[in-house]
Structure formats: C-alpha cells, structure tokens
Amino acid sequence: NAIVAGLQLLQIFKLLEIKVKHNNKGDEEKEITQQNTIKKQCRYTYCLRDKTRKGYYIQPTTLPDPNHRCFVCGTATVDVTIDVHS
C-alpha cells in the first residue's frame with residue numbers, strides 16, 4: 001500500500017507541475033494544452049504480484065483517450081427529481 005501511495009503522489013506532483021506551467025495561458029488554450037501534456041506525462045502504473053519476464057514488478061502504461069460516453073470522462077449530466085410530498 002505504501003508503494004502505491006508513493007506512486008500516486010508522484011503522479012500528483014506531475015499534475016501540479018503541469019498546472020503551474022500552464023497557468024498563464026488563456027482558458028480554452030490552457031485546457032487543451034493541459035490535456036495533451038497530462039496524457040504525455042502521466043501514466044497508469046500497475047503493481048504486479050509476480051514479476052514480468054524482464055523482472056519488473058511495476059508496469060507503467062500510457063493513459064487512454066477520454067471516452068466521451070463515459071459519465072466521468074465526458075460532460076454528461078443527469079437530472080434527478082425527488083417527490084418529497086408523497
């Protein structure tokens with residue numbers, strides 16, 4: 001757990017560095033540039049129980065593109081109404 005937490009902190013430091021570097025740009029340009037830079041800099045990192053053929057226990061992979069049909073990745077919203085009178 002401590003190794004995974006350390007890897008997460010390293011990714012957070014990368015995100016903060018990207019945020020600081022791109023803080024002086026216009027809003028739309030800033031968002032597009034940050035998304036491209038985040039994809040290049042950050043990685044999914046898998047901690048494996050058994051080592052790979054090369055002897056690695058940690059396997060980094062590139063981030064996939066956002067799925068616009070995904071509720072978290074996309075801009076989808078859901079309106080919920082509750083009938084409190086019945």
Side-chain angles (χ1 to χ4, degrees):
N1 288 338
I3 292 172
V4 173
L7 293 171
Q8 290 173 342
L9 279 175
L10 290 174
Q11 294 300 317
I12 290 171
F13 287 145
K14 287 181 184 180
L15 290 174
L16 290 173
E17 181 181 11
I18 291 168
K19 184 84 169 166
V20 169
K21 283 183 180 179
H22 295 90
N23 214 11
N24 296 329
K25 297 184 179 183
D27 288 339
E28 188 174 314
E29 180 185 355
K30 187 188 315 183
E31 185 176 334
I32 292 169
T33 305
Q34 281 183 358
Q35 287 176 356
N36 290 336
T37 307
I38 288 170
K39 184 170 171 77
K40 289 178 187 176
Q41 294 292 325
C42 295
R43 303 278 183 260
Y44 274 133
T45 304
Y46 296 101
C47 294
L48 308 172
R49 292 178 190 257
D50 299 316
K51 62 184 175 181
T52 63
R53 288 182 286 162
K54 293 184 178 181
Y56 300 138
Y57 285 97
I58 297 174
Q59 187 69 41
T61 61
T62 58
L63 293 174
D65 291 328
N67 180 358
H68 296 290
R69 287 186 264 160
C70 171
F71 184 78
V72 175
C73 299
T75 57
T77 59
V78 175
D79 294 326
V80 178
T81 57
I82 299 173
D83 183 11
V84 294
H85 299 292
S86 56

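In Leu63, the CG atom is crowded: over 12 heavy atoms of neighbouring residues, nucleotides or ligands sit closer than 6.0 Å.
Note that OH of Tyr57 is 7.0 Å distant from CG of Asp50, once rounded to the nearest 0.5 Å.
Annotation: side-chain contact (heavy atoms from CB on, under 4.5 Å) contacts of Thr61 (sequence neighbours excluded): Tyr44, Tyr46. By the side chain to side chain donor-acceptor pair (under 3.5 Å) test, Asp83 pairs with Ser86, sequence neighbours left out.
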Compile the donor-acceptor pairs under 3.5 Å between side chains in residues 5-17 and protein atoms, sequence neighbours left out, one pair per line.
residue: Gln11; atom: OE1; partner: Arg43; partner atom: N; Å: 3.2
residue: Lys14; atom: NZ; partner: Gln41; partner atom: O; Å: 3.2
residue: Glu17; atom: OE2; partner: Lys21; partner atom: NZ; Å: 3.4

